[in-house]
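Remember, it's a predicted structure, so these values are computed and weren't measured experimentally. Sequence lines set the chain letters: A, B, ... in the order given, protein chains first and strands last, and positions in each chain run from 1.
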Number of protein chains: 2
Amino acid sequence: MRRKSFADMSCPIARTLDIVGEWWTLLIVRDALVGARRFDDFRKSGIADNILSARLELLVREGILERRAYQDRPPRHEYLLTDKGHDLLPVIVSLGMWGLKWTDGPVRTPRFLHIRCDTEVSTAFHCQTCGEAVQPREIRVERPTAPSAAVNRVGSGQAVAAP
Amino acid sequence: MRRKSFADMSCPIARTLDIVGEWWTLLIVRDALVGARRFDDFRKSGIADNILSARLELLVREGILERRAYQDRPPRHEYLLTDKGHDLLPVIVSLGMWGLKWTDGPVRTPRFLHIRCDTEVSTAFHCQTCGEAVQPREIRVERPTAPSAAVNRVGSGQAVAAP
DNA sequence: CGCACTGACTGGCATGATGCAAGTGACTGA
DNA sequence: TCAGTCACTTGCATCATGCCAGTCAGTGCG
């Protein structure tokens with residue numbers, strides 16, 4: 001059954017997931033961030049050949065990876081992250097942080113280092129007004145503004161799932 | 001074909017994706033963050049009933065949502081984020097930020113406000129040593145340390161995909 | 001009272017996604 | 001020459017998904 005597309009949804013979160021939300025896709029991005037370039041490099045994650053082939057094609061088509069020839073007899077290509085692809089770094093990092101905190105198992109995760117000083121960087125919310133870091137618990141999520149006001153549901157708040 | 005599980009992988013990113021990486025799951029988390037509570041609330045995203053039912057059950061089982069009765073004739077339940085679930089906020093936000101920058105379409109995204117001062121917060125990398133925000137471009141990703149050193153591949157760097 | 005509607009699911013079925021594993025072609029090295 | 005490597009491609013079986021009807025309990029209206 002073809003999955004319902006999120007591409008035409010008005011929410012950018014959904015649109016991102018439409019592009020990178022398939023099984024294995026973000027693991028490929030992770031591996032590309034870590035330095036994987038060739039088909040054989042990416043294969044080491046355990047992904048099936050045909051799925052890897054399809055995902056690489058998708059990531060190239062979406063401009064997240066670019067395909068570059070590294071030899072011509074036979075023609076061989078490697079896959080490099082674009083700027084667009086590199087901008088998925090915060091997604092990867094936040095997934096890793098959640099997994100570190102809430103899943104069990106060995107901790108074998110990429111490290112993210114500030115190039116200038118070689119210190120490991122962390123990601124956090126920041127408030128420009130207060131000038132300080134903010135914990136997720138200190139954040140109130142406000143739903144998207146809708147042209148038609150959401151129908152009040154008595155006693156359960158104004159909950160509307162966004163298409 | 002049953003998907004290959006990422007649960008036993010040594011990478012926390014993979015383990016997170018094993019839990020929340022199915023189609024629709026993170027959109028449900030998004031909606032829960034925005035205030036959706038009931039089956040009907042979540043359904044508004046366009047998800048099929050049986051998939052929603054299965055995803056809610058998974059999120060409850062994984063401790064991301066808790067199921068709470070809101071009436072008993074007939075028995076009816078609503079679904080609320082746990083702390084574990086709320087900690088997926090950075091994942092949702094980073095997905096939204098990427099989508100804002102790199103996808104086209106209307107911008108109808110949740111807003112994330114600092115409770116104390118009602119300012120919209122943003123997420124960013126931070127370097128403790130330099131005491132400043134760091135752009136993704138200023139970050140070097142280092143692959144996970146491996147007990148067996150990666151085999152050098154001449155001319156292509158030391159690329160190893162992590163299981 | 002009967003009927004229509006609502007909400008929260010459950011279930012049947014057809015189609016696409018996935019994984020396994022074999023195959024292909026070009027090349028290299030012993 | 002043969003075996004191995006690399007980068008895919010392909011065939012097939014099994015699961016994931018979506019559509020939509022159905023069920024049950026309750027409510028409200030004519």
Side-chain angles (χ1 to χ4, degrees), chain A residues 1-9 17-28 31 36-60 65 67-79 151 153-156 159-161 163, chain B residues 1-7 9 17-28 31 36-60 65 67-79 151-156 159-161 163:
Chain A
M1 195 71 214
R2 185 175 296 282
R3 293 200 185 102
K4 192 171 283 190
S5 172
F6 303 152
D8 298 324
M9 291 186 177
L17 288 170
D18 187 65
I19 296 165
V20 299
E22 285 182 310
W23 207 247
W24 290 111
T25 307
L26 284 173
L27 285 187
I28 293 173
D31 292 344
R37 292 181 169 198
R38 297 178 182 187
F39 194 91
D40 205 45
D41 296 336
F42 292 105
R43 201 153 70 173
K44 290 182 172 65
S45 65
I47 184 172
D49 287 356
N50 57 333
I51 305 298
L52 177 54
S53 179
R55 294 289 187 279
L56 289 173
E57 186 181 317
L58 166 115
L59 288 167
V60 169
L65 293 178
R67 197 162 176 261
R68 196 157 74 181
Y70 70 89
Q71 81 180 33
D72 60 341
R73 293 184 51 242
R76 291 261 157 89
H77 299 94
E78 56 188 10
Y79 299 86
V151 178
R153 185 177 304 275
V154 181
S156 75
V160 179
Chain B
M1 195 71 211
R2 186 174 296 283
R3 290 198 190 104
K4 192 171 282 189
S5 172
F6 303 151
M9 290 187 179
L17 288 170
D18 188 66
I19 295 167
V20 299
E22 284 182 310
W23 205 247
W24 289 111
T25 307
L26 283 172
L27 285 188
I28 293 174
D31 291 344
R37 293 181 167 197
R38 297 177 180 188
F39 195 92
D40 207 44
D41 297 336
F42 291 105
R43 200 154 70 174
K44 290 182 173 65
S45 64
I47 184 172
D49 288 356
N50 58 332
I51 304 301
L52 176 55
S53 179
R55 294 291 186 279
L56 289 173
E57 187 182 315
L58 166 114
L59 288 167
V60 169
L65 293 179
R67 197 163 176 260
R68 195 157 74 178
Y70 71 89
Q71 82 180 32
D72 59 342
R73 296 191 41 246
R76 291 263 156 88
H77 298 93
E78 56 188 9
Y79 299 87
V151 178
N152 259 2
R153 185 179 304 277
V154 181
S156 76
V160 179

For this session: Please report the closest heavy-atom contact between A/Val20 and A/Leu26, naming both atoms and the distance.
Result: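 That would be O-CG, 3.7 Å.
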Phosphate OP1/OP2 of [N]: any [X] side-chain N/O under 4.0 Å:
| X | N | value |
| --- | --- | --- |
| B/Arg38 | C/dG7 | no |
| A/Arg3 | D/dG18 | no |
| A/Trp24 | C/dA17 | no |
| A/Tyr70 | D/dA7 | yes |

Side chain of [X] - closest among [options]:
| X | options | result |
| --- | --- | --- |
| B/Glu22 | D/dC6, D/dT17, D/dG18 | D/dT17 |
| B/Asp40 | D/dT17, D/dC19, C/dG7 | C/dG7 |
| A/Arg55 | D/dC6, D/dG18, C/dT18 | C/dT18 |

Starting at [atom1] of [X] and ending at [atom2] of [N], how long is that distance when rounded to a whole Å?
| X | N | atom1 | atom2 | value |
| --- | --- | --- | --- | --- |
| B/Ile47 | C/dT10 | CD1 | P | 14 Å |
| B/Ile28 | C/dC9 | CD1 | C1' | 14 Å |
| A/Leu52 | C/dA21 | CG | P | 17 Å |
| A/Gln71 | C/dT28 | CD | C1' | 11 Å |
| A/Ile51 | C/dA21 | CD1 | C1' | 13 Å |
| A/Lys44 | D/dT5 | NZ | C1' | 12 Å |
| A/Trp23 | D/dT17 | CH2 | C1' | 14 Å |
| A/Asp18 | C/dA17 | CG | C1' | 15 Å |

Problem set entry | Results of salt bridge (Lys or Arg N to Asp or Glu O under 4.0 Å) for B/Arg3 - residues two or more places apart only |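 Residues passing salt bridge (Lys or Arg N to Asp or Glu O under 4.0 Å) with B/Arg3: B/Glu22.
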Problem set entry | Any residue meeting salt bridge (Lys or Arg N to Asp or Glu O under 4.0 Å) with A/Asp8, in chain and number order, not counting sequence neighbours |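 Applying salt bridge (Lys or Arg N to Asp or Glu O under 4.0 Å) to A/Asp8 gives none.
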For this session: Take nucleotides 8-13 of chain D nucleotide by nucleotide from the 5' end and write B, S or -, depending on whether a protein heavy atom sits under 4.0 Å from the base, only from the sugar-phosphate, or from neither.
Result: BBBB--
Exercise. Could B/Arg37 and B/Tyr70 be counted as a cation-pi pair, given that NZ or CZ must be under 6.0 Å from the ring centre and within 45° of the axis?
Worked result: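 Not satisfied by the 6.0 Å and 45° rule.
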Which pairs of donor and acceptor atoms, one on a side chain in residues 51-60 of chain A, lie under 3.5 Å apart (sequence neighbours left out)?
{"from": "A/Arg55", "atom 1": "NE", "to": "A/Trp23", "atom 2": "O", "distance (Å)": "3.0"}
{"from": "A/Arg55", "atom 1": "NE", "to": "A/Thr25", "atom 2": "OG1", "distance (Å)": "3.3"}
{"from": "A/Arg55", "atom 1": "NH2", "to": "A/Trp23", "atom 2": "O", "distance (Å)": "3.0"}

Exercise. For A/Asp49, what residues pass the side chain to side chain donor-acceptor pair (under 3.5 Å) criterion, not counting sequence neighbours?
Worked result: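 With neighbours one apart ignored, the set is A/Arg43.
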For this session: Report the C-alpha distance between B/Leu27 and B/Ile47 in whole Å, list the side-chain angles of each, state the deciding distance to 0.1 Å, and finish with yes or no for side chain to side chain contact (heavy atoms under 4.5 Å, CB included).
Result: CA-CA 9 Å; B/Leu27 285 188; B/Ile47 184 172; over 6 Å; no
